[in-house]
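Heads up: the structure comes next, in structure tokens.
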Amino acid sequence: MNDMHLLTLASLTDLVRSHPGLHVRYSEGPEHDAAQRSIDTESGLELPGLSVNPLDAEQWWTRPLEDWLSRQLCQYSHLAEKNPDRYAWILRGTHVGRGPDCEPLLRDVHAVATLDDELIREAHAHYRTRFDAGRGPE
């Protein structure tokens, strides 16, 4: 798998179907992350890996994979909205634990793809039409 740039939700869906074990991360990119230590900002503790969001749907998920992916992409897209140097990229690596929000932590990561801004906009539109976004138990 070469480092690629994905333009559509359909292309991401195809990639995830054909290559299980992929994750998404919003950051300043793989080179930046390789040169930095990963720190939990609230506790100040160093994390043993990079905080990521899984792209493989859970076994209980019975809706289309596109729904799962759009939800996963939207969950942390606010990070890129707050910092224009951050962007979404796809990676794989060795699972070494969970972060303070129970997110997977990966070490020995390999970049797989970057996600175009248009793909992120498409994921947001898909999420808004397919989910009751923002609805909670209360």
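Residue numbers count from 1 along this sequence. Values in this document were obtained by computation on a predicted structure and should not be read as measured data.
- The closest side-chain donor-acceptor pair between H5 and D116 falls under 3.5 angstrom.
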* In sequence, state the C-alpha distance, the side-chain angles, and the governing distance for L55 and L65, and then conclude on side chain to side chain contact (heavy atoms under 4.5 Å, CB included). => CA-CA 9 Å; L55 293 180; L65 181 57; over 6 Å; no

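- A side-chain N or O of S43 and one of D40 form a donor-acceptor pair less than 3.5 Å apart.
- Between the Y127 side chain and the D132 main chain, no donor and acceptor come within less than 3.5 Å of each other.
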* side chain to side chain contact (heavy atoms under 4.5 Å, CB included) between L115 and V24: does it pass, once the steps are laid out? -> CA-CA 9 Å; L115 303 184; V24 65; 4.3 Å; yes

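- In plain terms, the two heavy atoms of R92 and G21 that are nearest each other are CB-O, 3.9 Å.
- In terms of modelled atom types and a separation under 3.5 Å, the side chain of Q72 and the main chain of S70 share no donor-acceptor contact.
- Because its NZ or CZ atom is not both nearer than 6.0 Å to the ring centre of Y87 and within 45° of the ring axis, R25 does not count as a cation-pi partner of that residue.
- Every residue two or more places apart in sequence or in another chain that forms a salt bridge (Lys or Arg N to Asp or Glu O under 4.0 Å) with E118 is listed here: R121.
- Comment: E28 does not engage R86 in a salt bridge, judged by the lack of any side-chain N to carboxylate O separation of less than 4.0 angstrom.
- Applying the side chain to side chain donor-acceptor pair (under 3.5 Å) rule to H124 yields the partners S77; only residues at least two apart in sequence or on another chain are considered.
- Between the side chain of H126 and the main chain of R128, no donor-acceptor pair closer than 3.5 Å is present.
- No donor-acceptor pair closer than 3.5 Å links the side chain of E103 to the backbone N or O of V52.
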* Under the side chain to side chain contact (heavy atoms under 4.5 Å, CB included) criterion, do R130 and R63 qualify, and how do the steps go? -> CA-CA 10 Å; R130 300 281 297 167; R63 293 175 63 158; 3.8 Å; yes

